[in-house]
Amino acid sequence: MDYNFQEIEQKWQSEWERQGAYHVSNKSDKKPFYVLDMFPYPSGAGLHVGHPLGYIASDIYSRYKRLCGFNVLHPMGFDSYGLPAEQYAIQTGTHPEETTMKNIARYVEQLKKIGFCYDWDREVKTCDPSFYKWTQWAFRLMFNSYYDTTLQKARPISELIQQWEETDPTWKTLSEKEQQERLMNYRIAYLSDTKVNWCPQLGTVLANDEVSEGLSVRGGFPVEQRVMRQWSLRVSAYAGRLLEGLDRIDWTDSLKDTQRNWIGRSEGAEMQFQIKGQDTPFTIFTTRADTVFGVTFMVLAPESEYVSRVVTDDHKEEVEAYLDRCKHRTERERISDRRVTGVFTGSYAINPLTNSEIPIYISDYVLSGYGTGAIMAVPAHDSRDYAFAKHFNLPIIPLIEGADVSESSFDAKEGIMMNSGFLNGLEVKDAIAKMKEYITNTGIGRVKVNYRLRDAIFSRQRYWGEPFPIYYKDGMPYVVDEKDLPLTLPEVSDFKPTEDGRPPLGNAKDWTYNGYPLELCTMPGFAGSSAYYLRYMDNHNEKALVDKEVNAYWRQVNLYIGGTEHATGHLIYSRFWNKFLYDMGYICEDEPFQKLINQGMIQGRSNFVYRYIGEGATGNLYISYNLINNPEYKDKVQPIHVNVNIVKNDILDIQAFRNWMPEYKNAEFVYADGTTDQDNPYLGTPAEKQYICGWAIEKMSKSMFNVVNPDDVVEQFGADTLRLYEMFLGPLEMSKPWDTNGIDGVHRFLRKYWNMHENVTDEVPTREELKSLHKLIKKVTWDIENFSFNTSIPAFMIAANELGKCSKKAILEQFAILLAPYAPHIAEEAWHRCGNNTLVIDATWPECDESYLVEDSVKYPVQFNGKVKFTIELPKTASKEEIEAAVMNDDQTKKQLNGVTPKKVIVVPGRIINFVV
RNA sequence: GCGGCAUUGGCGGAAUUGGUAGACGCGCUAGACUUAGGAUCUAGUUCUUCCAGAGUGAAGGUUCGAGUCCUUUAUGCCGCACCA
């Protein structure tokens, strides 16, 4: 009987569904284990073979854990709010919900074909009101909370109000509006005028992680800085805990480093500088407190609130011109153009240590969002200050012995201090400490830790997102009552912004709450993805995001698999969101994802044909890749992308190519052997004529015709082959090109495995067969536990080869269990053919009996001074001493030693014997 | 500039704790069966001057022993970046 994968896969997929085999209960005596994939955004293009890579890995792990007796939660859902559906809606008028639902249906269909063990009963969609009710609920909670810096955790804002009522006499004198304004400075979700990344083409603001090099990550449109009234989440309050929490979770070093970089902790000091002729000083942040004696000027960010205080009348015009220029520069211009610019304010500050007067400048190399937006400039020891000083001819005072500052600054934090009063003679490290002590004691400043991490801007001027549960009264925001959640997304007459420039929700009829206008912005993409893993635990619960008992059972995601592209977005936001809910007592773990694995990207492997464009070219002749460097064709061919689906092992399917597009209908070829269609008298193309295509590794994209659809692979080879092959491609974490050239090998193995089940017998296995089996058990168990899935496939192949035509039930049953996580359909059928009426996925993972792996004897290579001279066969069980004695009495050894006593004899049991003479 | 990761045959990649480098697959070569092969099976396939030696980007070091550990360096990929 042939291996009919289509029949087998269909049969078991419907059987699993019929039995509800993957339904997971929240009540079980079994130990819980939670395996999660990063849920996808359902794009219109459907899944390509890159998407399932991580899903296959997590599926293998889930199935393995289940076979090991765990109650495994393995859900799937859809991150279904987002820009593409909305852009499509603006272009075509199709409601984003319609597009999204259609795409989701397609995704589900594609995913089901691959045979994942998802509990589809737990599916969530972020655009579903029953889901976003809890996104809104969490936002509401953040609005009603503040971060207590003493306790280092979020608390209800009512506690802060109570505290003020008791201790702050001014609180009661404030008007309602003033009180609300003051509270806004403390709320975790707060409204403020902030400098935001505004993207005119997208018509919305973007968070920092949604902008890269001055362009929007989605679409690549220019982004400019603008001050707008926006909702933000006080993520920065959690910076310290987000950093510290990394030490307690099992993520890769590179990902942790990416997050550490993004959080950007830096230890330094805040110092106050008096302004000449003014009473109130201004504050700067520095990590180089040791260099105060070298400060020769000060610089403020253009947006700094200090600017208006220090500009003198005679410099006003100049400064305003400069500020105006800065305002109109886009982020991209600012990054690409690094020429020194700046303007003098007319004011002077007083150096608190030297008492000298130093000029105050404004320059956009100082960022308003970091530290205090003001710096003390030490040109001798900071390259940016140095460039500025050179440009404006400001003095440069070297502070470190031997530092040459004639050409460039000396930025290294090492050396002996000089020109620095009481710091002279100290090492930089000690000087920093001493200066910190000095400024603390004298009250000039204080030790301070700064973070690069900013608050997350949370408003989007878009339609297709979660509405804010916020309404406005007297211009102040108030939250919608909890009982009125979810606040459902209204229908609009137009998905574009209103004519007067308000967000699309301005087009909704009656968008009010108890007569008050509701917020017109919607939440960003990361809102819905920040707590979805909690919702999977208890997705039908209407009373809570997740029931406390249910949460106490599952606790947290034990294994999370997804791409690195979420390192500074989703993976920061959901950690923040989780910590907040933890602080407020709704969940029991403060980190959401215990172990995280990043799967690599699958790149496309494009194929090319080479059109002849040399002399006498008809534009219709294509040269085989192996010939393009021949003198007659060199530099006379033009590579053209060809659909990879009509190329196999780099050999072009000639007929398919001619049918592919009208322009190739009459294509002629120079084949690999140099012959042409003219040399060939037959109609069509004989089999021995091969046209070889060139190839390149590129991003998988429609325009390069290198997109491979998993459905096609499933159709041609089956889901089990797809699953095995994706794992076989290489280590999970590594990026690798999709290359179908090797898929036959994997498919051949499954066929061979299949043929082992022709006549299953009850015969007792031999020791050799058991040895092969237990070797396999050991290997596969180790591989899965260490996420080394790629190395299991060779182990299966070797075992199948060693077992040959063995069709003994005792062996085949165990083999099926081992294979079940990787290739569940064929394993299920094999299990069935061994006479079982249960499901293989409910079997018990076999244990390795090491006694089968012990060899009776083993050949030890005997080395002299590291060179192998001969081998000696000894019992495997021999002790170190016995081996040594046996070798010393061996004739060959005696001959080799020739009466010399060895300096050293090294015996590693089971390995090598080494003499040093 | 700072930080992280990688580099092994013609190709993808094995080598799990420092212990016989190149597993397994692709490709290639030869043979078998076949009207035929883009099917199947068998054997071979790191390199060289094939006796034997060399060999894991390069150069050193530690060790009886290094792809694996240390130092320096080259190349490639990724993250952050006028962050004071």
Side-chain angles (χ1 to χ4, degrees), chain A residues 212-213 252-266 268 284-288 291 299 301 334-335 338 340 363-367 369-378 381-385 387-388 411 450-454 564-565 567-568 598 600-601 648-651 653 687-688 690 695 724-725 728-731 733-737 739-746 748-749 751-752 778-779 782-783 785-786 788 790-798 801 859-861 863-868 871 902-917:
Chain A
S212 175
E213 301 191 356
T252 59
D253 287 339
S254 78
L255 191 66
K256 284 187 187 180
D257 274 323
T258 300
Q259 289 214 342
R260 285 191 188 110
N261 254 329
W262 187 258
I263 296 167
R265 181 181 201 270
S266 84
I284 59 95
F285 175 76
T286 182
T287 54
R288 292 296 299 273
T291 58
V299 188
R334 201 181 65 80
I335 290 165
R338 294 210 172 166
V340 176
S363 174
D364 65 359
Y365 83 85
V366 175
L367 307 175
Y370 186 77
T372 61
I375 61 152
M376 61 177 213
V378 186
H381 302 291
D382 183 288
S383 49
R384 297 152 304 183
D385 297 345
F388 195 87
D411 290 12
N450 238 323
Y451 295 96
R452 203 187 70 93
L453 184 72
R454 314 282 168 83
T564 32
E565 66 271 23
T568 53
N598 288 120
M601 292 252 269
K648 201 187 171 197
N649 291 1
D650 291 333
I651 310 291
D653 182 332
E688 67 269 22
Q690 293 189 335
W695 58 274
L724 281 181
Y725 188 58
F728 182 67
L729 274 176
E733 292 95 330
M734 225 183 245
S735 281
K736 55 234 159 187
D739 178 354
T740 336
N741 287 350
I743 200 164
D744 290 320
V746 171
R748 254 197 294 275
F749 154 70
R751 238 177 6 223
K752 192 182 278 180
K778 191 177 179 182
K779 172 75 179 151
W782 191 93
D783 281 347
E785 274 173 1
N786 292 280
S788 177
N790 57 320
T791 55
S792 278
I793 287 100
F796 283 124
M797 292 174 175
I798 293 166
N801 276 335
K859 274 188 181 171
Y860 291 84
Q863 304 182 355
F864 285 82
N865 289 340
K867 301 258 160 95
V868 180
T871 58
K903 250 196 289 187
K904 213 171 177 184
V905 183
I906 298 132
V907 177
V908 184
R911 299 217 175 105
I912 279 169
I913 303 153
N914 202 335
F915 284 83
V916 183
V917 288

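The sequence lines fix the lettering, A, B, ..., with proteins before strands; numbering per chain opens at 1.
- Judged by Watson-Crick or G-U wobble contacts below 3.5 Å, the nucleotide B:U17 has no partner.
- At the heavy-atom level, A:R751 lies under 4.0 Å from the strands shown only through sugar-phosphate atoms.
- We find that CE of A:M797 is positioned 16 Å from P of B:G13, with the value rounded to whole Å.
- When heavy atoms are screened at a 4.0 angstrom cut-off, A:D257 is found touching the sugar-phosphate backbone but no base atom.
- Both A:K736 and A:N801 lie close to RNA chain B; mapped to their nearest nucleotides by heavy-atom distance, the more 5′-ward contact belongs to A:K736.
- Across the P atoms, B:C51 and B:G4 are found 49 Å apart, a figure rounded to whole Å.
- As judged by a 4.0 angstrom heavy-atom cut-off over every strand, A:Y451 is placed among residues making no nucleic acid contact.
- Look at CZ on A:F388: it is 17 Å from P on B:C82, rounded to the nearest Å.
- Across all strands shown, the partner of B:C69 is B:G61, judged by Watson-Crick or G-U wobble contacts whose two distances both fall under 3.5 Å.
- As a whole-Å value, the separation of A:K752 NZ from B:G25 C1' is 12 Å.
- Nucleotide B:C50 forms a pair with no other nucleotide shown, judged by Watson-Crick or G-U wobble geometry with both contacts under 3.5 Å.
- Distance, A:L453 CG to B:A81 P: 12 Å, rounded to whole Å.
- Contact annotation for A:L729: backbone-only contact, meaning every heavy-atom pair under 4.0 Å involves sugar-phosphate atoms and none involves a base.
- Side chain of A:D411 to backbone of A:S383: a donor-acceptor contact under 3.5 angstrom is found.
- Taking the C1' atom of each, B:A14 and B:A59 are spaced 27 Å apart, rounded to whole Å.
- One C1' atom belongs to B:C11, the other to B:G18, and the distance between them is 29 Å to the nearest Å.
- Among B:C82, B:G25, B:C80, the nucleotide with an atom closest to any side-chain atom of A:T568 is B:C80.
- Here the P atom of nucleotide B:A81 and the OH atom of A:Y365 are 19 Å apart, to the nearest Å.
- Remark: P of B:G12 and OH of A:Y725 are 12 Å apart, rounded to the nearest angstrom.
- Taking each heavy atom of A:Y370 and A:S266 in turn, the nearest pair found is OH-OG, 2.9 Å.
- On the C1' atoms, B:U63 is 12 Å away from B:C70, given to the nearest whole Å.
- When all heavy atoms of A:K779 and A:A795 are compared, the pair lying nearest together is CG-CB, 3.5 Å.
- For A:D653 and B:G38, the CG to C1' distance is 10 Å, given to the nearest whole Å.
- For A:R452, whose side chain is taken as the heavy atoms from C-beta onward, the closest listed nucleotide among B:G25, B:C80, B:A84 is B:C80.
- An anti base is found at B:G38: its glycosidic angle is more than 90° from 0.
- For A:S254, the listed nucleotide lying nearest its side chain is B:G4; candidates were B:A14, B:G12, B:G4.
- With distances taken from any side-chain atom of A:P794 to the nucleotides B:U40, B:A23, B:G4, the minimum falls on B:A23.
- Checking side-chain atoms of A:N786 against main-chain N and O of A:S788 turns up no donor-acceptor pair under 3.5 Å.
- With a 3.5 Å ceiling on both atom-pair distances, the Watson-Crick or G-U wobble partner of B:C11 is B:G25.
- Residue A:I375 is classed as a base contact, given a heavy-atom separation below 4.0 Å to a base.
- Of the nucleotides present, B:G1 is the one that pairs with B:C80 by Watson-Crick or G-U wobble criteria, both distances under 3.5 Å.
- Nearest-nucleotide positions on RNA chain B for A:N261 and A:A795 put A:A795 closer to the 5' end.
- In this structure, A:V366 reaches the bases: a heavy-atom distance under 4.0 Å links it to at least one base atom across the strands shown.
- For the pair A:D253 and A:K256, the salt-bridge criterion is not met [side-chain N within less than 4.0 Å of a carboxylate O].
- If you check every strand for non-hydrogen atoms under 4.0 Å, A:P737 touches nothing.
- When the nucleotides B:C82, B:U40, B:G13 are ranked by their closest atom to the side chain of A:R748, B:U40 comes out on top.
- A:N790 places its CG atom 14 Å from the P atom of B:G12, with the value rounded to the nearest Å.
- Remark: the A:N598 side chain and the A:T564 side chain contain no N/O donor-acceptor pair separated by less than 3.5 Å.
- With its glycosidic angle within 90° of 0, B:C50 adopts the syn conformation.
- Taking atom P in both B:C33 and B:U42, one finds a spacing of 15 Å when rounded to whole Å.
- When distances are taken from the side chain of A:T791 to each of B:A14, B:A84, B:C41, the shortest belongs to B:A14.
- Using a 4.0 Å heavy-atom criterion, one finds that A:D744 contacts no nucleic acid atom at all.
- Within the 4.5 Å cutoff, the side chain of A:V746 has heavy atoms near those of the A:M797 side chain.
- The side chain of A:S266 approaches B:A84 more closely than any other nucleotide in the set B:C26, B:G13, B:A84.
- Counting non-hydrogen atoms under 4.0 angstrom, A:K779 reaches a base of the nucleic acid.
- In this structure, A:P731 and A:N790 approach most closely via the heavy-atom pair N-ND2, 3.5 Å.
- Base pairing annotation: B:C33 forms no Watson-Crick or G-U wobble pair, as no partner gives both donor-acceptor distances under 3.5 Å.
- Under the 4.5 Å side-chain criterion, counting only non-hydrogen atoms from C-beta, A:D385 is in contact with A:Y365.
- For the pair A:D382 and A:F388, the minimum side-chain heavy-atom distance is 4.5 Å or more.
- With B:A23, B:A84, B:G4 as the choices, the nucleotide that has an atom nearest any side-chain atom of A:T287 turns out to be B:A84.
- Comparing the P positions of B:G9 and B:G22 gives an interatomic distance of 14 Å, to the nearest angstrom.
- Taking every side-chain heavy atom of A:L367 into account, B:A84 is the closest of B:G3, B:U40, B:A84.
- With C1' as the reference atom, B:U8 and B:A15 are 10 Å apart, rounded to whole Å.
- Of the candidate nucleotides B:G12, B:A39, B:C80, B:C80 has the atom lying nearest to any side-chain atom of A:W262.
- For B:A52 and B:G31, the P atoms lie 29 Å apart once the distance is rounded to whole Å.
- As judged by a 4.0 angstrom heavy-atom cut-off over every strand, A:S383 is placed among residues making no nucleic acid contact.
- Base-pair partner of B:U75: B:A6 (Watson-Crick or G-U wobble, both distances under 3.5 Å).
- A:D253 comes within contact range of no nucleotide atom at all, as no heavy-atom separation falls under 4.0 Å.
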